[in-house]
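One structure is given below, encoded as structure tokens.
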Amino acid sequence: MNYWFMKSEPDDVSIDDLAKRQDQTVGWYGVRNYQARNFMRDEMQLGDRVFFYHSSCKEPGIAGLAEVCSHAYPDPTQFDANSEYFDSKSTQEAPRWLQVDVRFVQKTRLLSLSELRGYPELAEMLLLKKGSRLSITPVSAIDAAFILAKLC
DNA sequence: GCCAACGTTGGC
DNA sequence: GCCAACGTTGGC
């Protein structure tokens, strides 16, 4: 089993929104970065654990836990001309962009970005690297265990 | 709103 | 294939 950070803007989909959704599940639409897409396509497995991270908001940080509950499949928003995620170069035959479904596990206290940065044990995490903008990043088992302990 | 850092595009 | 210009991300 792998662990991941997945960033979401809470104005778009927050951990509370996820908990309220039908089946408490959301398709992780809108990824438009090849590296992040490839993580979903090549490395994510059913049951992988997700740290649900709120970004681009007043208090960025970990807001809850979720799990991967589908394999990668085409992101429907790439075909929707009315969507901000529309990609005119993508076709049904050869879709560029993929998503996975993510299911709510639990809400946690907000473990803020500044708190995460305060732990030297986590300094090597991809998420905390200078200039890191990837919306999906892997987390080592050791770092995941450390974070889970801090969340409780 | 600013801006550093990064990714993508496209001319050559 | 290089790389300058441009667009985006996301914390502050």
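Just so we're on the same page: letters track the sequence lines, and every chain starts at 1.
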Compute whether any side-chain donor of one residue and acceptor of the other, for Ser14(A) and Asp16(A), lie under 3.5 angstrom apart. no
Length of the line joining [X]:[atom1] and [N]:[atom2], which is rounded to integer Å:
| X | N | atom1 | atom2 | result |
| --- | --- | --- | --- | --- |
| Asn33(A) | dT9(C) | CG | C1' | 10 Å |
| Leu110(A) | dG11(C) | CG | C1' | 14 Å |
| Arg117(A) | dG10(C) | CZ | P | 12 Å |
| Asp87(A) | dT9(B) | CG | C1' | 13 Å |
| Glu59(A) | dC12(C) | CD | P | 12 Å |
| Leu127(A) | dG10(C) | CG | C1' | 11 Å |
| Phe5(A) | dG10(C) | CZ | P | 13 Å |
| His54(A) | dG11(C) | NE2 | P | 12 Å |

Under 6.0 Å between the ring centres of Trp4(A) and Phe52(A)? no
What orientation do Phe146(A) and Tyr119(A) show, parallel under 30°, tilted 30 to 60°, or perpendicular over 60°?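 Aromatic pair Phe146(A)/Tyr119(A) classed perpendicular.
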Given side-chain contact (heavy atoms from CB on, under 4.5 Å), test Val26(A) with Trp28(A) step by step and report yes or no. CA-CA 6 Å; Val26(A) 70; Trp28(A) 206 267; 4.2 Å; yes
Output one line per pair: protein atom, nucleotide atom from nucleotides 4-8 of chain C, and distance, for all N/O pairs under 3.5 Å.
{"unit_1": "dT8(C)", "atom_1": "O2", "unit_2": "Arg133(A)", "atom_2": "NH1", "d": "2.5"}

Using salt bridge (Lys or Arg N to Asp or Glu O under 4.0 Å) as the criterion, list what pairs up with Arg37(A), not counting sequence neighbours.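 Listed in chain order: nothing, the list is empty.
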side-chain hydrogen bond (donor to acceptor under 3.5 Å, both in side chains) against Ser140(A), all qualifying residues, sequence neighbours excluded: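 Counting only residues at least two positions away or on another chain, Ser140(A) forms a side-chain hydrogen bond (donor to acceptor under 3.5 Å, both in side chains) with Asp143(A).
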Side-chain N,O (Tyr34(A)) to OP1/OP2 (dT9(B)) below 4.0 Å: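 Checking Tyr34(A) against dT9(B): no side-chain N or O falls below 4.0 Å of OP1 or OP2.
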